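Remember, it's a predicted structure, so these values are computed and weren't measured experimentally. The residues of the chain are indexed from 1 along the displayed sequence.
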Amino acid sequence: MENPQFICPTVTAFDNNLDIDAATNRQLWDRLITGGVDGILVAGSIGEFFALAYEQKLELIKLAAQHINGRVELLAGTGMNSLPETIKLSNAALEAGADVVALITPYYFTLGEEALFDYYAACAQAIDGKILLYNFPARTGNDIGPELLRRLVDEFPNIIGIKDTVTELSHTRALIQAVRPRHPDFRFLAGFDENFYYTLLSGGNGAISGLANVYPEVTAAWVRAAREGNAATLERMQELMNHLANIYTIAPVFVPVIKEAIHQRGVALSTACRATPTGLTAAEKEAVTELLARADDLIAAADLPPTDR
């Protein structure tokens with residue numbers, strides 16, 4: 001398998017006023033880099049991009065670029081419903097030091113294939129750098145299908161990859177089959193953790209997904225096992241990730257759940273979210289505790305280094 005990778009779309013740490021907590025975000029990024037992630041995406045869905053103003057997104061991106069400073073690949077979520085603001089923020093992010101900008105499809109209105117093509121065409125022509133498409137149809141109501149992706153990649157060489165956040169594995173496979181023969185260096189990344197290995201088997205590159213926030217050292221071990229072709233470890237890792245994926249079902253909004261899990265693993269991180277004032281119940285926090293305890297058992301069974309929780 002060529003170049004498997006697991007990129008972390010990091011949570012955004014906020015202070016008590018729900019402003020960006022620079023010190024805690026730096027701590028989180030250092031933890032991810034030390035844990036072995038292949039890249040960091042700021043201002044993605046799990047980073048609550050939809051609840052951040054333009055100025056806050058740019059503040060976060062500049063902070064990340066300055067602190068990460070080339071230690072791993074830095075991706076910045078810059079997609080917005082406003083085309084002019086998407087272009088403006090994307091170029092500002094790249095100028096600040098981001099390696100790639102990630103552009104989610106416009107959301108709220110269903111646009112159709114031609115309007116999506118025109119949107120991304122305008123972005124590709126005006127953005128001076130690498131673009132990763134971000135497909136999340138369950139949240140946006142707009143889907144990037146195989147034919148649309150092939151048209152875009154054929155015409156715009158600065159579109160270099162896609163994050164495909166779908167439950168249907170056949171969707172990602174169809175994208176790969178449509179584009180890989182013509183563009184062997186194009187990057188295909190799953191948006192759900194448990195689809196990492198399937199995406200690799202289908203000719204893709206790995207995943208950009210949230211469990212790396214909680215267990216960066218485990219997702220890094222999964223990448224190593226894929227590079228080495230260690231089938232036994234890969235099988236045990238899949239069992240572990242299938243279990244950990246239950247974290248997304250503990251509460252209606254999973255972002256504070258991920259933050260609680262990071263907190264339980266020893267990081268002084270507030271679970272406050274700009275997206276919702278509703279905190280976790282005692283039962284939901286206990287569910288996180290039980291999930292992590294079972295994960296520790298599975299990690300031991302997979303012969304991985306013990307966690308530091």
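Side-chain contact between Tyr215 and Leu240 is absent, with no heavy atoms from C-beta onward closer than 4.5 Å. For the pair Pro4 and Asn205, the minimum side-chain heavy-atom distance is 4.5 Å or more. Using a 4.5 Å heavy-atom cutoff, the side chains of Glu284 and Val288 are not in contact. When side chains are defined from C-beta on, Leu63 does not count as touching His67, because their heavy atoms never get closer than 4.5 Å. For the pair Asn158/Lys130, no side-chain contact is recorded, criterion being any heavy-atom separation below 4.5 Å from C-beta on. Side-chain contact between Val42 and Lys57: absent, with no pair of heavy atoms (C-beta onward) separated by less than 4.5 Å. Asp297 places none of its side-chain heavy atoms less than 4.5 Å from the side chain of Ile299. Proximity of Arg139 to Phe136: side-chain heavy atoms (C-beta onward) are separated by under 4.5 Å at one or more points.
By the salt bridge (Lys or Arg N to Asp or Glu O under 4.0 Å) test, Glu147 is found to be paired with Arg150, residues two or more places apart in sequence or in another chain being considered. Residues satisfying the side-chain hydrogen bond (donor to acceptor under 3.5 Å, both in side chains) test with Asp15, not counting sequence neighbours, are none. Partners of Tyr120 by ring pair (Phe, Tyr, Trp, His ring centres under 6.0 Å), not counting sequence neighbours: none found. Every residue two or more places apart in sequence or in another chain that forms a side-chain hydrogen bond (donor to acceptor under 3.5 Å, both in side chains) with Gln177 is listed here: Arg173. Considering only residues two or more places apart in sequence or on other chains, Arg236 meets the salt bridge (Lys or Arg N to Asp or Glu O under 4.0 Å) condition with Asp303.
There is a path of hydrophobic side-chain contacts, each under 4.5 Å, that joins Leu234 to Leu298. Follow the hydrophobic side-chain contacts under 4.5 Å out from Ile104 and you never reach Val153; the two are in separate clusters. Using a 4.5 Å cut-off between side-chain heavy atoms of Ile, Leu, Val, Met, Phe, Trp and Tyr, with links allowed through other members, Val223 and Phe188 fall into different hydrophobic clusters. Cluster annotation: Trp29 is not connected to Ile258 through the hydrophobic network of ILVMFWY side chains, with a link wherever side-chain heavy atoms come within less than 4.5 Å. Clustering ILVMFWY residues whenever any of their side-chain heavy atoms sit less than 4.5 angstrom apart, transitively, puts Val179 in the very cluster that holds Leu175.
Considering all non-hydrogen atoms of both residues, Thr86 and Gly79 come closest at OG1-C, 3.9 Å. Smallest separation of non-hydrogen atoms from Tyr54 and Ala92: OH-CB, 4.4 Å. Among all heavy-atom pairs drawn from Ile87 and Ala122, the shortest one is CD1-O, 4.1 Å. In this structure, Ala190 and Asn195 approach most closely via the heavy-atom pair CB-CB, 3.8 Å. Looking at every heavy atom in both residues, Gly36 comes nearest to Ala220 through O-CB, 3.5 Å. Gln238 and Tyr197 get closest at one heavy-atom pair: OE1-CB, 3.7 Å.
Without hydrogens or angle criteria, Asn142 side chain to Pro106 main chain gives a donor-acceptor distance under 3.5 Å. No donor-acceptor pair under 3.5 Å is formed between the side chain of Glu194 and the backbone N or O of Ala245. Using a distance-only test at 3.5 Å, with no hydrogens or angles considered, no donor-acceptor pair links the side chain of Thr34 to the main chain of Arg31. Side chain of Glu235 to backbone of Ala232: no donor-acceptor contact under 3.5 angstrom is found. Using modelled atom types, one side-chain atom of Asn91 and one backbone atom of Asp128 make a donor-acceptor pair closer than 3.5 Å. The closest donor-acceptor contact from the side chain of Asn25 to the backbone of Ala13 lies under 3.5 Å. With hydrogens and angles disregarded, no donor-acceptor distance shorter than 3.5 Å links the side chain of Gln66 to the backbone of Ile61.
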For residues 267-275, please give each side-chain donor-acceptor pair under 3.5 Å, one per line with the distance, not counting sequence neighbours.
| residue | atom | partner | partner atom | Å |
| --- | --- | --- | --- | --- |
| Ser270 | OG | Ala272 | N | 3.0 |
| Arg274 | NE | Ala51 | O | 2.9 |
| Arg274 | NH1 | Leu18 | O | 2.5 |

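Using cut-offs of 30° and 60° on the angle between ring planes, the pair Phe254 and Tyr248 is perpendicular.
Ion pair Arg265/Asp296 not flagged as a salt bridge, since none of the NZ, NE, NH1 or NH2 atoms sits closer than 4.0 Å to an Asp/Glu carboxylate oxygen.
A donor-acceptor pair shorter than 3.5 Å can be found between the side chains of Tyr134 and Ser45. The closest side-chain donor-acceptor pair between Asn135 and Asp164 falls under 3.5 angstrom. A donor and an acceptor atom, one from each side chain of Thr105 and Thr140, are located under 3.5 Å apart. Side-chain N/O atoms of Asp193 and Ser209 include a donor and acceptor closer than 3.5 Å.
A distance of 10.0 Å separates OG1 in Thr233 from CZ in Arg224, rounded to the nearest 0.5 Å. To the nearest 0.5 Å, the span separating CG on Leu111 from CG on Leu116 amounts to 5.0 Å. Expressed to the nearest 0.5 Å, how far CZ of Phe6 lies from CG of Leu211 amounts to 6.5 Å. Between Asp143 atom CG and Leu148 atom CG the span is 8.5 Å, to the nearest 0.5 Å. One finds the CG atom of Asn213 at 4.5 Å from the CD1 atom of Ile262 (value rounded to the nearest 0.5 Å). In this structure, CD in Gln27 is found 10.5 Å from CG in Leu32, a value given to the nearest 0.5 Å.
The salt bridge (Lys or Arg N to Asp or Glu O under 4.0 Å) analysis of residues 104-124, with sequence neighbours excluded, yields the pairs Glu113-Arg151, Glu114-Arg151. Screening residues 175-190 for salt bridge (Lys or Arg N to Asp or Glu O under 4.0 Å) gives Glu73-Arg187, Asp154-Arg182 as the qualifying pairs, with residues at least two apart or on separate chains. Contacts classified as salt bridge (Lys or Arg N to Asp or Glu O under 4.0 Å) and involving residues 34-54 (residues at least two apart or in different chains) are given here: Asp38-Arg227, Glu48-Lys259. Applying the salt bridge (Lys or Arg N to Asp or Glu O under 4.0 Å) definition to pairs two or more places apart or across chains, none involves residues 87-112.
Residue Tyr198 belongs to a hydrophobic cluster whose other members are Leu169, with links defined by side-chain heavy atoms closer than 4.5 Å. Side-chain heavy-atom separations under 4.5 angstrom define the hydrophobic clusters, and the remaining members of the one that includes Leu75 are Ile7, Leu41, Val100, Leu132, Ile160, Leu189, Ile208.
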Verdict with reasoning, Thr172 to Ser202, per side chain to side chain contact (heavy atoms under 4.5 Å, CB included): CA-CA 8 Å; Thr172 305; Ser202 299; over 6 Å; no

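Shown are Leu291, Val214, Thr219; of these, the side-chain contact (heavy atoms from CB on, under 4.5 Å) with Leu244 is made only by Leu291.
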